[in-house]
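The figures that follow rest on heavy atoms only: side chains count, while hydrogens, waters and symmetry mates do not. Everything numeric in this text was worked out from a predicted model, so none of it was measured.
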Amino acid sequence: MRDPGSVHTVARALRMLTAFDGEARELGVREFAALLDVHKSTASRLARTLVTHGFLERAAGSERFRLGPEAARIGLLAVGGQTLLAAARPPMATLAAETAETVVLSVPAGDEALDVAQTGSTHLIGASTWIGRRTPLHASSDGKVFLAFGAAELPARRSLAKVTANTVTDRAKLERELARARRDGWAAALGDLEEGLNGVAAPVFASRGECVAALSVSGPAYRIPPERLPVLARACVAAARTIGDRLAAVEPGNGHASDGQRVEGALGR
């Protein structure tokens, strides 16, 4: 038998999520309570549950909430991501075949990179499922791409977590890496996220020139030593450019929203 209380709770949670729009990008417990006509403790409990499951997240340096990475992922798939994913799949398959390593497409989600598509490596060692994973911007090649090319930014006052011994936590050093990424057109991670995991990433630009995704190639350090990174990066940059060209084929003049507009809408920008 359906539990009326559970259904009511789900309805309340959905109302909280749909309260966000272009003007109300951050909401607090007091606003949730007024929206639902419930006590603040009830609204707070619902908000914590949504945070736990990734549908909300705390706004940096605030007690307010904003849509979380799971909301971004679902919105991307439902609103505009099918176009992005359709454009990405053939170049991703080509890149994976060329490099024999794992290829991942990610999008910015708050202060993290969210992996939304993957083409697996032909190797057994290092094979992993990345779809749905979230990684810190400063500790991953795709996250560094988002920071370098203006798709995301780090909270000003928050210290950078040291995920591994190789994670760059000094902001000045990280900025030098980002400047190099802007100069070269790609970013690298050498054990930043996981010891022994190396990779490169390149930006995917939509028709209006904004970075809407990142394409990465990664694998074990013994297969991807530092000296191999430039070779992988060239292939990754070429594949990312192909994805961008495929996205640019959908123009507003053809009666469709541009992919940049679709992705922005999916991510609540």
Side-chain angles (χ1 to χ4, degrees), residues 3-81 104-117 128-140 142-144 146-147 151-164 167 169 192-194 212-214 263-269:
D3 180 359
S6 297
V7 173
H8 194 46
T9 299
V10 171
R12 284 175 168 175
L14 291 174
R15 287 188 66 192
M16 291 170 66
L17 294 175
T18 56
F20 292 90
D21 57 28
E23 295 182 358
R25 299 192 178 190
E26 294 183 3
L27 296 171
V29 169
R30 187 185 301 274
E31 291 157 303
F32 287 142
L35 172 72
L36 302 175
D37 192 22
V38 298
H39 193 273
K40 285 195 298 182
S41 62
T42 300
S44 179
R45 185 171 63 252
L46 286 168
R48 287 198 304 272
T49 300
L50 290 170
V51 168
T52 299
H53 292 281
F55 288 94
L56 291 181
E57 64 181 9
R58 291 277 188 182
S62 171
E63 292 298 312
R64 296 169 70 78
F65 298 88
R66 62 190 181 192
L67 289 175
E70 277 303 300
R73 183 180 70 85
I74 293 173
L76 178 70
L77 293 174
V79 180
V104 173
L105 184 75
S106 62
V107 296
D111 57 359
E112 295 175 309
L114 175 66
D115 301 328
V116 294
S128 179
T129 300
W130 289 90
I131 296 176
R133 290 192 184 186
R134 300 184 293 273
T135 56
L137 294 175
H138 68 289
S140 57
D142 48 356
K144 292 175 186 178
F146 294 142
L147 293 173
E153 60 183 22
L154 292 169
R157 296 186 179 88
R158 187 184 304 173
S159 60
L160 303 181
K162 197 164 188 63
V163 184
T164 73
T167 306
T169 58
D192 299 55
L193 182 65
E194 182 178 319
V212 295
V263 172
E264 284 184 353
L267 295 179
R269 293 184 179 182

Sub-4.5 Å side-chain heavy-atom contact between [X] and [Y]:
{"X": "D142", "Y": "D115", "result": "yes"}
{"X": "S159", "Y": "T169", "result": "no"}
{"X": "V51", "Y": "E57", "result": "no"}
{"X": "V212", "Y": "V107", "result": "no"}
{"X": "T49", "Y": "L56", "result": "no"}
{"X": "V29", "Y": "F65", "result": "yes"}
{"X": "L137", "Y": "L154", "result": "yes"}

**Request:** May I ask you to check whether over 12 heavy atoms, not counting those of K40, lie within 6.0 Å of atom NZ?
**Result:**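 Open.
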**Asked** If you round to the nearest 0.5 Å, how far is CD of E26 from CG of L67?
**Response**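 Separation between the atoms: 10.5 Å.
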**Item:** Spatial distance of atom OG1 (T18) from atom CG (L35) [nearest 0.5 Å]
**Value:** 7.5 Å
Any donor-acceptor pair under 3.5 Å from [X] side chain to [Y] backbone:
{"X": "H53", "Y": "F55", "result": "no"}
{"X": "R66", "Y": "L27", "result": "no"}
{"X": "H138", "Y": "A161", "result": "yes"}
{"X": "T164", "Y": "L193", "result": "no"}

**Request:** Check the pair K144, D192 against salt bridge (Lys or Arg N to Asp or Glu O under 4.0 Å), reporting the backbone distance first and the verdict last.
**Result:** CA-CA 11 Å; K144 292 175 186 178; D192 299 55; 2.9 Å; yes
Which atom of [X] lies closest to which atom of [Y], heavy atoms considered:
{"X": "F146", "Y": "S106", "answer": "CZ-O, 3.4 Å"}
{"X": "V163", "Y": "P136", "answer": "CG2-CG, 4.2 Å"}
{"X": "L46", "Y": "R12", "answer": "CD1-CB, 3.9 Å"}
{"X": "L114", "Y": "R134", "answer": "CD1-CG, 3.6 Å"}
{"X": "A151", "Y": "P108", "answer": "O-CB, 3.8 Å"}

**Partner residues of E31 under the side chain to side chain donor-acceptor pair (under 3.5 Å) criterion, sequence neighbours left out** =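 Here the qualifying residues are R64.
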**T42: partners by side chain to side chain donor-acceptor pair (under 3.5 Å), with sequence neighbours left out** =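 Result, side chain to side chain donor-acceptor pair (under 3.5 Å) vs T42: none returned.
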**Message:** Under a 3.5 Å threshold, yes or no: a donor from one side chain and an acceptor from the other, between S44 and R48?
**Reply:**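 Yes, a side-chain donor-acceptor pair sits under 3.5 Å.
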**Request:** List for me each residue that meets salt bridge (Lys or Arg N to Asp or Glu O under 4.0 Å) alongside E194, sequence neighbours excluded, and say none if there are none.
**Result:**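 With neighbours one apart ignored, the set is empty.
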